[in-house]
Amino acid sequence: AANTGEHVSNIRAIRGMNDILPGATPYWQHLEQSVARVLASYGYGEIRLPVVEQTELFKRSIGEVTDIVEKEMYTFEDRNGESLTLRPEGTAGCVRAAIQQGLLNVPQRLWYSGPMFRYERPQKGRQRQFHQIGVESFGIATPDMDAELILLSARIWRQLGIADCVELQLNSIGSLDARRQYREALVDYLVQHKESLDPDSQRRLESNPLRILDSKNPETQALLDAAPSLTDFLDGESRADFDQLCELLQAAGVSFVINPRLVRGLDYYNKTVFEWVTDRLGAQGTVCAGGRYDGLVAQLGGKDTPAVGFAMGMERLVLLLEETGAMADISPAADVYVISAGSGAHAAALAVVEGLRGGMPATRFVQHTGGGSFKSQVKKADKSGAQLALIWGEDEIASGTVTIKPLRDRGGERQAQQTVAIEQLQAALEHALADEIE
Ligand code: ATP
Ligand code: MG
């Protein structure tokens, strides 16, 4: 069929998969750059992973009876009939790569970023394509490693100016064995109150009872107040490791609350689990979550390797940056809009501005293109949001000068425009732009 305009206009992005526009990308870039800097400063190396993996990888790692595997995966058959899945999270692929590429002979500190896919109900802070930065550490079993991950995440929040609106919640879910025993005790208790449980929790009673601790239903939560506590079932080693982690965090000045109902929704965790939570974003308040997963590498066919990691939800962090005004001074607008009218003016402007870009690499120059009268170009300069216009007209060409025209008021006043010699232009611009920032 012909690709008519009408046809195309009916094509929409997939629900829950968003375009991120130039007005928002400065937030993303700031976030990504801040995180990358902090991670590098702790010696973490970036790993880039495929977005698609064998479906089996996620089933075997995340767990068959989790929300993700039961109902949230984008799974399809490729042309060979192989079952593939768009990754719903990054840990499984990272472990797969670490095993396959032979990275596990020495301790590894790795991070990755990119889109994840889950078929969920889209709402604020919850998309079907969302983005995470994940951090994974392989080969260290002791809680000093857990502490390092938490410390570096705390540093990221400080860097971003959002440390005051996130809280660290911490728990230990113990060994597989401890969890098995606890699960029995929990189920024994909850079956006696089955009719008071919300329908989701009733279903989970058989499939994944620990997830009932996560229920948002107030009646279920009230029932849980009198339920056996996971903390009482912890094995000695998990308990000792958890105590040590808490001591390390206290010594480092990181505050936290212990949340005995924090269990996390994926099967592969053991011992330490944690979440960074904010009350600024409504129901989707977890901006970062992780924990230890000492059994996963062996479970996926690698040699027994302890591991711990976490993932941040980028959309929620961007929302938080917007919400808190932590980046109020970041503008997507250009700094300088370049105008030229009259014969030879455009070519002259082009050459000079190319030189300026070399000398002032952090300054954003937008060159007017497409011609038009001097007046219409000034209008466009104003609309662009730029701080200054740089103007080449016939007079400037004749005298080898350029006019700098301030476009914004500052302290209630607009600076006068000035005409300077080309040789003085960079210094004058730097001065004018520096003044703007004060
Ligand atoms: P939630 O309880 O909010 O569903 P989760 O436990 O499923 O989160 P994880 O799998 O631990 O989330 O992912 C880590 C982080 O990724 C979350 O804390 C959150 O910030 C983010 N995240 C998870 N799912 C989504 C989504 N659908 N949209 C946006 N961000 C998400
Ligand atoms: Mg979820």
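FYI, the numbering just counts along the sequence from 1. Heavy-atom basis, side chains included; hydrogens, waters and symmetry copies ignored. From a predicted model like this one, the values you see are computed outputs, not experimental measurements. Whatever order the structure lists them in is the order used to number ligands and atoms, beginning at 1.
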Next on the checklist: Looking at ligand 1, is there an atom of it that comes within less than 4.0 Å of some heavy atom belonging to Glu315?
Outcome noted: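 Judged by the 4.0 Å heavy-atom criterion, Glu315 does not count as contacting ligand 1.
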
Item to check | Stepwise side chain to side chain contact (heavy atoms under 4.5 Å, CB included) check, Leu390 with Leu356 | outcome: CA-CA 12 Å; Leu390 264 193; Leu356 289 172; 4.0 Å; yes

Going by the order shown, which atoms of ligand 1 are within less than 4.0 Å of some heavy atom of [X]?
X	answer
Thr286	17 (C), 18 (O), 19 (C), 20 (O)
Val287	20 (O)
Ala311	14 (C), 15 (C)

Counting non-hydrogen protein atoms only, what is the nearest one to [atom]? Give residue, atom name and distance.
atom	result
atom 2 (O) of ligand 1	Arg126 NH2, 4.4 Å
atom 21 (C) of ligand 1	Gly313 CA, 3.6 Å
atom 27 (N) of ligand 1	Glu120 OE2, 2.6 Å
atom 30 (N) of ligand 1	Phe130 CD1, 3.5 Å

Counting only heavy atoms, which portion of [X] has something under 4.0 Å from ligand 1: side chain, backbone, both, or neither?
X	result
Gln132	side chain
Arg316	side chain
Arg118	side chain
Arg264	side chain

Item to check | Side-chain heavy-atom pair Glu275, Arg264 within 4.5 angstrom cut-off | outcome: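 Sidechains of Arg264 and Glu275: in contact.
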
Checklist entry - Does some side-chain heavy atom of Leu300 sit less than 4.5 Å from a side-chain heavy atom of Leu57? => result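 They are in contact (side-chain heavy atoms under 4.5 Å apart), so the answer is yes.
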
Between [Y] and [X], is there a side-chain donor-acceptor contact under 3.5 Å, judged purely by atom types and distance?
X	Y	result
Asn217	Ser215	no
Asp235	Ser238	yes
Glu136	Thr91	yes
Gln299	Tyr293	no

Item to check | Any protein heavy atom nearer than 4.0 Å to atom 8 (O) of ligand 1 | outcome: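 Not a single protein heavy atom is under 4.0 Å away.
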
Checklist entry - Taking atom 28 (N) of ligand 1 as the point of reference, which of Arg128, Gln127, Glu275 owns the nearest heavy atom? => result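 Looking at heavy atoms only, the winner is Gln127.
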
Checklist entry - Would Arg179 count as a cation-pi partner of Phe233, with NZ or CZ less than 6.0 Å from the six-membered ring centre and within 45° of the ring normal? => result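 Here Arg179 fails the 6.0 Å and 45° test against Phe233.
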
Checklist entry - Yes or no on side chain to side chain contact (heavy atoms under 4.5 Å, CB included) for Ile156 and Leu317, after CA distance, side-chain angles and deciding distance? => result CA-CA 11 Å; Ile156 290 170; Leu317 287 167; over 6 Å; no

